[in-house]
Amino acid sequence: MNTVVYGECVHSGACASVRISSLADSGCDLEIDAPAALNDGDCSLWIGAIGPFPATAIRKTARQLFLRFKEPLDRKIVAHFNCA
């Protein structure tokens, strides 16, 4: 089972609520409710109340993006949020 964590992604000054899954030190998948809320490019991710983590968003579908972190996340952060 894939753990889902809630967070926020900030892109060009706009903030969108996201569901984070497949969290790894190098990136994660994001799901958004409003397709126009986020675009490809540089952004920052808040995982719960922790962040911001600079990243690059890559659109997969209208409501799904892949996020690649600019710097790898600490393994302790990944382990914390991947606990079921």
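- Closest heavy-atom contact between L73 and A24: CD1-O, 4.1 Å.
- Among all heavy-atom pairs drawn from R19 and V4, the shortest one is CB-CG1, 3.9 Å.
- Annotation: the span from F66 atom CZ to K60 atom NZ amounts to 8.0 Å, rounded to 0.5 Å.
- Within the 4.5 Å cutoff, no side-chain heavy atoms of T56 are placed close to those of L67.
- Atom CG of residue L23 and atom NE2 of residue H80 lie 10.5 Å apart, to the nearest 0.5 angstrom.
- For the pair D42 (side chain) and H11 (backbone), a donor-acceptor distance under 3.5 Å is absent.
- Contact of the L30 side chain with the C9 side chain is registered, since non-hydrogen atoms from C-beta on lie closer than 4.5 Å.
- At distances below 3.5 Å, at least one donor-acceptor pair connects side-chain atoms of R59 with backbone N or O atoms of A62.
- Both V5 and F69 sit in one connected hydrophobic cluster of ILVMFWY residues. Membership requires side-chain heavy atoms under 4.5 Å apart, directly or through other members.
- If you take CD on E31 and OG1 on T61, they are separated by 8.0 Å, rounding to the nearest 0.5 Å.
- Closest heavy-atom contact between S21 and C28: O-CB, 3.5 Å.
- Here the CG-CG distance, from L65 to D40, works out to 7.0 Å after rounding to the nearest 0.5 Å.
- Neither V10 nor I47 shares a network with the other; the hydrophobic side chains, linked directly or stepwise wherever heavy atoms of I, L, V, M, F, W or Y lie under 4.5 Å apart, form separate groups for each.
- For the atom pair K70 NZ and C43 SG, the distance stands at 8.0 Å (nearest 0.5 Å).
- Of the inter-residue distances, the one linking I58 atom CD1 with R68 atom CZ reads 4.5 Å to the nearest 0.5 angstrom.
- By the 4.5 Å heavy-atom criterion applied to side chains, I20 and Y6 are not counted as neighbours.
- Counting only heavy atoms from C-beta outward, the side chains of F81 and I77 approach each other to under 4.5 Å.
- At least one side-chain heavy atom of V18 sits less than 4.5 Å from a side-chain heavy atom of L45.
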